Engineer: 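This is the structure I have questions about; it appears just below.
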Amino acid sequence: MATTSADRIIIALDVQTKEEGIALVSRLKDARTFKVGLELFTAEGPALFRKLKALRKDIFLDLKLHDIPNTVSGAVRSAFKHGVQMMTIHTSGGREMMAKAAEVAREIARESGRPKPVLLGVTILTSLKGADLEEVGQGSDVASQVLRLAGLAKAAGMDGVVCSPQEIEVLRKEYGRELAIVTPGIRPVWAAAQDQKRIMTPAEAVAKGADYLVIGRPITGAPSPNEAFLRVVEELA
Ligand code: C5P
């Protein structure tokens, strides 16, 4: 769990190449954790992780895994070997899939003596609305589906969930401090909203109970990314 304001901030490394990614990471000398998503991972693979490790950075691998329990837990093991600290798994993959992943996470930490990787459940993608859920047979109430899936993640031994800023409060209230909450959609007051619609400032999100904030463009697109990062840290402190 994050111990300082700086540790709460995860930088979204939304670039296409290792070179761009490393250039950005090198400029963000005070940031600790970087989120690598599908785009960059598909382009560069784990070779990127060696570079991040050499720069002494932590990795949040956001691949939103969803497969049979054996395959997902195998992927957790593989990611751990590459030094990944946090990763995402789709809660809709079911209890057994999450439980097996969580069991493997505990096992590899025990075997290696290294900290356990943090497993985060993805509930409902914010791109899906009620009608989209209905189409895939899930019922149209997004909020109750998010709550249900977060509860399943907790019961399965996952460490936390990723959610939108609007969901933080209700998840905190329902599941207490046991589930870590990671939220994107964060915009400091001095930053443009861009394509994010339902945004919250870093301080608001933390006040509502977020443990980690995923922030991309307000920091990565700033003239000095490290200064922008420190500005957010200051706002949080
Ligand atoms: O640049 P920005 O701060 O908007 O980046 C936010 C990051 O969080 C991006 O990597 C984006 O894919 C991710 N994200 C999001 N909203 C979600 C889920 C993930 O913005 N609902």
Side-chain angles (χ1 to χ4, degrees), residues 8-17 20-21 24-25 27-28 31-44 48 52 57-66 84-92 118-130 132-133 142-143 145-147 149-150 153 160-171 180-206 208 210-233 235-236:
R8 283 186 192 279
I9 302 168
I10 299 170
I11 308 290
L13 215 45
D14 292 327
V15 294
Q16 298 223 317
T17 66
E20 284 172 272
L24 195 50
V25 172
R27 295 182 74 191
L28 275 155
R32 171 169 163 189
T33 308
F34 290 81
K35 178 173 85 77
V36 176
L38 277 171
E39 185 181 359
L40 183 56
F41 187 76
T42 304
E44 301 286 2
L48 172 73
L52 287 172
K57 300 300 188 186
D58 284 359
I59 303 161
F60 172 13
L61 181 60
D62 185 21
L63 298 184
K64 301 183 176 68
L65 303 177
H66 188 163
V84 166
Q85 274 78 23
M86 304 172 91
M87 62 194 295
T88 50
I89 293 176
H90 263 293
T91 52
S92 52
V118 174
L119 299 186
L120 300 165
V122 175
T123 56
I124 301 294
L125 297 171
T126 46
S127 52
L128 298 175
K129 303 282 166 290
D132 304 307
L133 288 190
V142 177
Q145 187 67 355
V146 167
L147 260 185
L149 290 169
V161 289
V162 182
C163 72
S164 81
Q166 282 65 32
E167 290 156 354
I168 300 170
E169 241 173 339
V170 60
L171 287 174
I181 291 183
V182 179
T183 184
I186 297 298
R187 288 293 178 269
V189 276
W190 42 267
Q194 284 138 331
D195 54 359
Q196 294 283 11
K197 296 205 172 58
R198 292 173 302 151
I199 53 177
M200 210 172 262
T201 67
E204 274 169 347
V206 169
K208 288 200 183 299
D211 296 295
Y212 297 97
L213 312 174
V214 175
I215 309 180
R217 293 160 293 175
I219 290 176
T220 58
S224 167
N226 205 58
E227 263 173 41
F229 172 80
L230 291 175
R231 204 167 158 189
V232 176
V233 173
E235 275 178 42
L236 287 180

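Everything numeric here is computed off the predicted structure, so don't read it as measured data. First listed ligand is number 1; within each ligand, the first listed atom is number 1. Index from 1, following the sequence.
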Engineer: Could you tell me which residues satisfy side-chain contact (heavy atoms from CB on, under 4.5 Å) with A191, sequence neighbours excluded, listed by chain and number?
Structural biologist: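 If we apply the side-chain contact (heavy atoms from CB on, under 4.5 Å) test to A191, skipping adjacent residues, the hits are R187, P188, P218.
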Engineer: Report each N/O pair between ligand 1 and the protein that falls under 3.5 Å, naming both atoms.
Structural biologist:
{"unit_1": "ligand 1", "atom_1": "1 (O)", "unit_2": "R217", "atom_2": "N", "d": "2.7"}
{"unit_1": "ligand 1", "atom_1": "1 (O)", "unit_2": "R217", "atom_2": "NE", "d": "2.7"}
{"unit_1": "ligand 1", "atom_1": "3 (O)", "unit_2": "R187", "atom_2": "NH1", "d": "2.9"}
{"unit_1": "ligand 1", "atom_1": "3 (O)", "unit_2": "G216", "atom_2": "N", "d": "2.8"}
{"unit_1": "ligand 1", "atom_1": "4 (O)", "unit_2": "R187", "atom_2": "NH2", "d": "2.8"}
{"unit_1": "ligand 1", "atom_1": "4 (O)", "unit_2": "Q196", "atom_2": "NE2", "d": "2.8"}
{"unit_1": "ligand 1", "atom_1": "4 (O)", "unit_2": "R217", "atom_2": "NH2", "d": "2.8"}
{"unit_1": "ligand 1", "atom_1": "10 (O)", "unit_2": "D14", "atom_2": "OD1", "d": "3.3"}
{"unit_1": "ligand 1", "atom_1": "10 (O)", "unit_2": "D14", "atom_2": "OD2", "d": "2.7"}
{"unit_1": "ligand 1", "atom_1": "10 (O)", "unit_2": "K35", "atom_2": "NZ", "d": "2.9"}
{"unit_1": "ligand 1", "atom_1": "20 (O)", "unit_2": "Q196", "atom_2": "NE2", "d": "2.7"}
{"unit_1": "ligand 1", "atom_1": "21 (N)", "unit_2": "T126", "atom_2": "OG1", "d": "2.5"}

Engineer: Just one of L230, L24, T220 clears the side chain to side chain contact (heavy atoms under 4.5 Å, CB included) bar with P225, so which one?
Structural biologist: L24
Engineer: If we only count heavy atoms from C-beta on, is the Q85 to I59 side-chain gap below 4.5 Å?
Structural biologist: yes
Engineer: Using the side-chain contact (heavy atoms from CB on, under 4.5 Å) criterion, which residues pair with V206? Sequence neighbours excluded.
Structural biologist: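 Testing V206 for side-chain contact (heavy atoms from CB on, under 4.5 Å), a comparison that skips the adjacent residues, returns R8, L213, L236.
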Engineer: Would you please name every residue forming a side chain to side chain donor-acceptor pair (under 3.5 Å) with R27, sequence neighbours left out?
Structural biologist: none
Engineer: A side-chain contact here means heavy atoms from C-beta on lying under 4.5 Å apart; do L119 and M87 qualify?
Structural biologist: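 Of all side-chain heavy-atom pairs linking M87 with L119, at least one is under 4.5 Å.
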